[in-house]
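Note on naming: letters A, B, ... go to the chains in the order of the sequence lines (proteins, then strands), and numbering restarts at 1 for each one.
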Amino acid sequence: MSSHQISVTINGEQHTREVEARLLLVHFIREELGLTGTHIGCDTTSCGACTVLLNGVPAKSCTVFAVAADGAEVTTVEGLGNGGLHPVQRGFTEKHGLQCGFCTPGMMLTSKALLDENPDPSEADIRWGISGNLCRCTGYVNIVKAVQRASELMKENSDG
Amino acid sequence: MIPPSFDYHAPDTLEEASRLLLANPEAKLLAGGHSLIPMMRFRLAEPAALVDLRKIPGLSGIREDGGSLRIGAMTRESELEKSDLVQSRYPLLADTTRVIADPVVRNLATVGGNVAHADPGNDHPAAMLAYRASFVAAGPSGQRTIAASDFFTGPFSTSLEEGEILTEIRIPEAGPGSGGAYRKFERKVGDYAVAAVAVQLQLDGGRISGAGVALTNVGLTAIQAGAAEAALVGSDGGDAALDAAAEAAAAAADPTDDHRGSADYKRAVVRVLTHRAASSALTRAREAS
């Protein structure tokens, strides 16, 4: 059983801690740093509630050891808006893209990465893009609308 | 769920990784971790040590060289999805990658991990058998190349020796008249296949001169369906040949009853998917002629 000193930059702030090798990134984020916006859902790499951006890419943080994220840049839902609301957060608010809210942080981070790569996705692109994030409330209809709205808002922002 | 304790190593070279494996017989390699870490959380795997490959340079990338498509073992599945080379010239591989787990998992899951983990439910092994791929392994006695047909020895078992590490996957370079397809039936996104079929064809003067047919999750390993291949080779790809190949593939399947369906049902799925995959592979091979 080994422990290691790691430095992970989360939402722009560097955190250095001594961690046991078996500590999962999601536990590091929630329990070591107290950032509880990242949720634990299924614990089986299925639901995507724990999705964070790991070096800019959506990743299920229940399936990454914290020690393997040494040196990485992580964005959690707390860092998404950078002080205000990100267009994705505004889209989810305006289009009621959530009911219980449990899947929402992961859903929004996956949506942000999708829109960064494909600013004008079709409905099929969106449903495909979020297919690794499960929602048990909405039937996805309003989530798709929320991502479409976020796409509009991001375009308005870049036009203005 | 918390995985059991282990010692973690992240060596900078393959030689050091190989030495660590030999020194720790209960060690496992960590690539993308998206099969291993769930197994560790369920305590289905309790390795005493993990040897993380992430710091070793040169294990990622996709390129054509020396008559092969060469894929570094640490290449992420999402890199195959975004590769113009794979998407334009290797349709069987492109089909396969698209149905592995889900998009978020594919950002970290690696091609080498999918192959070397050798879960009979994994999708790459059948595609590699159909492609007649080979695998490059580095170990204490140097480097060697293993044919896909010699690689999968049992569930979660391969012919890699102690201290050997899969470093590269080689697929014969796509030429005129080649085409393939992967058809998977799954209950939902991210599930393992009820059954899936990989078909790779080579056309020569309108006739099939080479065929690879392999099956996912209907046996203890991915199964190369030699009789189905024989039914296709020499034919013009007409319905009679496709029907014969589909029957032969269903006969080669060795499924068991489980929550994904009865053995008879899975055999029927193999029959249908073989027909569909062969038909699609044929269309693509004609387009590439």
B/Asp52 versus chain A, the contacting section by heavy-atom distance below 4.5 Å: side chain
Residue selection (most heavy-atom pairs with chain B, distance under 4.5 Å) from A/Ser131, A/Ala21, A/Ala68: A/Ala68
Are there over 12 heavy-atom neighbours, none belonging to B/Glu162, within less than 6.0 Å of that residue's CD? no
Smallest separation among heavy atoms of B/Arg54 and A/Asp70, with atom names: NH1-O, 3.8 Å
Please state whether the side chain, the backbone, both or neither of B/Leu30 comes within less than 4.5 Å of a heavy atom of chain A. side chain
Under 4.5 Å from a heavy atom of chain B, the part of A/Ile130 involved: neither
For chain B, the option from A/Thr110, A/Val67, A/Leu134 that forms the most heavy-atom pairs under 4.5 Å: A/Val67
Going through the distances and angles, do B/Phe42 and A/Thr44 end up as a side chain to side chain contact (heavy atoms under 4.5 Å, CB included)? CA-CA 9 Å; B/Phe42 281 117; A/Thr44 59; 3.4 Å; yes
Around atom CD of A/Glu18, are there more than 12 heavy atoms from other residues, nucleotides or ligands closer than 6.0 Å? yes
Look at atom CZ of A/Arg127 and say whether more than 12 heavy atoms of other residues, nucleotides or ligands are closer to it than 6.0 Å. yes
Close contacts, residues 22-39 of chain A versus chain B, judged by heavy atoms under 4.5 Å: A/Arg22, A/Leu24, A/His27
Within a 6.0 Å radius of atom CZ on A/Arg90, are there more than 12 heavy atoms belonging to other residues, nucleotides or ligands? no
Show me the donor-acceptor pairs, under 3.5 Å and distance only, between side chains in residues 98-111 of chain B and residues at least two apart or in other chains.
from     : atom 1 : to       : atom 2 : distance (Å)
B/Arg98  : NH2    : B/Gln87  : OE1    : 3.0
B/Asp102 : OD1    : B/Val104 : N      : 2.9
B/Asp102 : OD1    : B/Val105 : N      : 3.0
B/Asp102 : OD2    : A/Lys60  : NZ     : 2.7
B/Arg106 : NE     : B/Glu81  : OE1    : 2.9
B/Arg106 : NE     : B/Glu81  : OE2    : 3.3
B/Arg106 : NH1    : B/Arg98  : O      : 3.3
B/Arg106 : NH1    : B/Ile100 : O      : 2.7
B/Arg106 : NH2    : B/Glu81  : OE2    : 3.2
B/Asn107 : ND2    : A/Pro58  : O      : 2.8
B/Thr110 : OG1    : B/Gly113 : N      : 2.9

Just how far is it from atom CD of A/Glu20 to atom OH of B/Tyr8, taken to the nearest 0.5 Å? 14.5 Å
I'd like to know which of B/Gly190, B/Pro38, B/Pro3 tops the heavy-atom pair count under 4.5 Å against chain A. B/Pro3
A/Asn82 CG: over 12 foreign heavy atoms closer than 6.0 Å: no
Among A/Cys62, A/Gly48, A/Ala59, which residue has the highest count of heavy-atom pairs closer than 4.5 Å to chain B? A/Cys62
